[in-house]
There are 2 protein chains.
Amino acid sequence: MSETGRSTRERILQAAGKLFYGEGIRAVSVDAVAEKAGLTKRTLYYHFRSKDDLIAAYLEIRDQPNLALFKRWFAEADGDVAAKVEAIFRNLARSARHAKWKGCGFLRTSVELVNLPGHPAMVIGRAHKKRVEDWLCSVFEDAVNPQQARQLARQVILLLDGAFAVVLLHRDPSYMETAGAAAAHLVRGLMPPPRKSIKAANVRRTIRSRTG
Amino acid sequence: MSETGRSTRERILQAAGKLFYGEGIRAVSVDAVAEKAGLTKRTLYYHFRSKDDLIAAYLEIRDQPNLALFKRWFAEADGDVAAKVEAIFRNLARSARHAKWKGCGFLRTSVELVNLPGHPAMVIGRAHKKRVEDWLCSVFEDAVNPQQARQLARQVILLLDGAFAVVLLHRDPSYMETAGAAAAHLVRGLMPPPRKSIKAANVRRTIRSRTG
DNA sequence: TTGTGTATATTCACTGGTCAGTATACATAA
DNA sequence: TTATGTATACTGACCAGTGAATATACACAA
């Protein structure tokens, strides 16, 4: 029956998500996923062809919501594009304070599969990061010289992924804010100067007149 | 016999290094390391108490040479501090073009041990990154407002580790150069302006005379 | 309504293999 | 004879994946 089938599949994916993200794909056995989902391993193998399939599905369903979260944080933030980008990092820093936070599932999976570059999960991971980069690029095209948008998007991605790695290593979310400040600085460096000089907040950001 | 013992230990560490770095610590069995070292597992266990011990030793011996390499690349580069930092990224980009390159062993190990924050290898990894950060900090203290040196060092570290992750994911070393450009930009943004204004070359690299 | 076939969904119990670590013995040198 | 170093062969646990049987539900014919 398709309804029961779908919900079983979802229960498996939910269990796999928690375990794979929380402990890593190699540290989690198929038996553990099945047990967490409340069914037998054989049933799991009825719904997924292999563990690799399950891993790919685990990342697949995280792609869209992940990007949507970034977009929401960006949209809901006040200020210019630089401030909106910085807001993404600030929100991530907040997430990173939860004990269950374990960095970026895409990056971590790519590390665990480092010698299987063609693995479906690797393909999905690359596509996800590319999608985030493309979105940032489109955002920057409206704010800076479009010729520089791609490079800027990549630099922000580098700071983002660097922060994922460093915060995970040191378990210190403040690196996420440091990355956000750097990202905002890079964006501002390419933005045209505002019409009205603003006495900018008590934060450490200042406006720079390029004419000198 | 201490001499044979030491060289045996070194053979084990060499084999472990190649395998752990090349395939990841979880993907490599103790048997595989022993075989690569040309001895039996039992002999390996005579020289190392456990696999975890071996993993820690594998990282330990990479700490100093790794930092030394950064220092050498920095010292041998021409130009101002920003250019010298960028040179580190350029050299890393060159390394990343080799097929055997698999990113940063410290970061990758920390991902594989994500749920064992007290693991000796994690402690060593954190110490290593901290040492690089401290070195960068000391470098920046002579080039920018010392109060901003720590933050700047962290931002460069974030770009560095981000580049490790992103280049590994996409297998595209050009991200390393993009990260270097961002790092140089961040450094320059905090450096005192040079005496003579320069009409900046077609590349983004310029030579600066500090004497003016 | 009852019986029968069929596709879906699930279970138990198993296989073949790997892995970290060890018990035991043997060799060599001080 | 005692300490050091090496080898063979093993243990117990775990793990990805499977074989064979069973349960459920729906379709359609009698």
Side-chain angles (χ1 to χ4, degrees), chain A residues 1-59 109 112-116 118-122, chain B residues 1-59 109 112-116 118-122:
Chain A
M1 48 184 100
S2 71
E3 259 194 352
T4 302
R6 201 176 56 225
S7 99
T8 298
R9 221 186 126 89
E10 274 165 15
R11 256 179 33 237
I12 294 170
L13 283 171
Q14 190 174 338
K18 281 183 190 170
L19 291 174
F20 284 156
Y21 179 74
E23 307 175 27
I25 57 173
R26 288 195 118 108
V28 171
S29 69
V30 175
D31 295 82
V33 175
E35 190 187 341
K36 180 130 188 162
L39 33 78
T40 59
K41 178 162 58 171
R42 200 62 185 81
T43 302
L44 188 152
Y45 273 100
Y46 178 81
H47 293 276
F48 295 90
R49 203 123 63 85
S50 64
K51 186 181 182 183
D52 287 331
D53 258 30
L54 185 57
I55 294 166
Y58 143 65
L59 288 186
T109 301
E112 295 201 68
L113 300 177
V114 68
N115 265 350
L116 300 170
H119 192 293
M122 290 288 276
Chain B
M1 45 186 108
S2 72
E3 260 193 352
T4 302
R6 202 177 54 225
S7 99
T8 298
R9 218 186 128 88
E10 274 165 16
R11 260 184 24 241
I12 294 170
L13 282 172
Q14 191 175 338
K18 282 182 190 170
L19 291 174
F20 284 157
Y21 179 75
E23 307 175 27
I25 57 173
R26 287 196 119 108
V28 171
S29 69
V30 175
D31 296 81
V33 174
E35 190 188 341
K36 179 129 188 164
L39 34 79
T40 61
K41 178 162 60 170
R42 195 63 190 81
T43 301
L44 188 152
Y45 273 100
Y46 178 82
H47 293 276
F48 295 89
R49 203 125 61 85
S50 64
K51 186 181 183 183
D52 288 330
D53 259 30
L54 185 57
I55 294 166
Y58 143 66
L59 288 186
T109 301
E112 296 202 66
L113 300 177
V114 68
N115 264 351
L116 300 170
H119 192 292
M122 290 289 276

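Since the structure is predicted, the reported quantities are computational estimates derived from the model, not experimental observations. First the proteins, then the strands, lettered A, B, ... as listed; each starts at 1. Hydrogens, waters and symmetry mates play no part in the numbers below; they use all other heavy atoms, side chains included.
In this structure, the CZ atom of B:Arg49 is 10 Å from the P atom of C:dT22, given to the nearest Å. Rounded to an integer number of Å, the gap from CG of A:Asp53 to C1' of D:dG17 is 13 Å. The nearest whole Å value for the distance from the CD1 atom in B:Ile12 to the C1' atom in D:dT6 is 11 Å. Per the geometry, CZ belonging to B:Arg11 stands 13 Å off P belonging to D:dG5, to the nearest Å. Note: CG (A:Leu39) to C1' (D:dA23) measures 15 Å, nearest angstrom. The CG atom of A:Leu44 sits 11 Å away from the P atom of C:dT11 (whole-angstrom rounding).
Between B:Thr8 and D:dT6, a side-chain N or O to OP1/OP2 separation shorter than 4.0 Å is present. Here A:Thr40 reaches the OP1 or OP2 of C:dT11: one of its side-chain N or O atoms lies under 4.0 Å away. Contact annotation: B:His47 side-chain N/O to D:dT4 OP1/OP2 distance is not under 4.0 Å. Between B:Thr43 and the phosphate of D:dA7, there is a side-chain N or O to OP1/OP2 separation shorter than 4.0 Å.
Nearest-nucleotide positions on DNA chain D for B:Tyr46 and A:Lys51 put B:Tyr46 closer to the 5' end.
Smallest separation of non-hydrogen atoms from B:Thr109 and B:Ile55: CG2-CG2, 4.2 Å. Shortest non-hydrogen contact noted between B:Ala57 and B:Phe48 is CB-CE2, 3.9 Å. In terms of heavy-atom proximity, A:Lys51 sits nearest to A:Val28 at NZ-O, 2.8 Å.
By the 4.5 Å heavy-atom criterion applied to side chains, B:Leu39 and B:Thr8 are counted as neighbours.
B:Asp52 is linked by a side-chain hydrogen bond (donor to acceptor under 3.5 Å, both in side chains) to B:His119, counting only residues two or more places apart in sequence or in another chain. Residues that satisfy the side-chain hydrogen bond (donor to acceptor under 3.5 Å, both in side chains) test with A:Thr40, not counting sequence neighbours, are A:Thr43.
DNA chain D lies under 4.0 Å from no heavy atom of any residue of residues 13-23 of chain A. Contacts of residues 24-35 of chain A with DNA chain C (heavy atom under 4.0 Å): none.
For the atom pair CG of B:Leu44 and CZ of B:Arg49, the computed distance is 14.0 Å after rounding to the nearest 0.5 Å.
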Between protein and nucleic acid, restricted to nucleotides 13-16 of chain C and to nitrogen or oxygen atoms under 3.5 Å apart, what atom pairs and distances do you find?
none

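Applying the salt bridge (charged side-chain N to carboxylate O under 4.0 Å, His left out) test to every pair with at least one member in residues 30-45 of chain B, sequence neighbours left out, gives these pairs: B:Asp31-B:Lys41.
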Report all side-chain donor-acceptor pairs from residues 13-26 of chain A shorter than 3.5 Å, counting only partners two or more places apart or in another chain.
from	atom 1	to	atom 2	distance (Å)
A:Tyr21	OH	A:Lys102	N	2.7
A:Tyr21	OH	A:Gly103	N	3.3
A:Tyr21	OH	A:Gly103	O	2.8
A:Arg26	NH1	A:Glu112	O	2.7

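Helical stems of DNA chain D (runs of at least 3 Watson-Crick or G-U pairs, donor-acceptor distances under 3.5 Å) are listed by first residue: C:1-30 with D:1-30.
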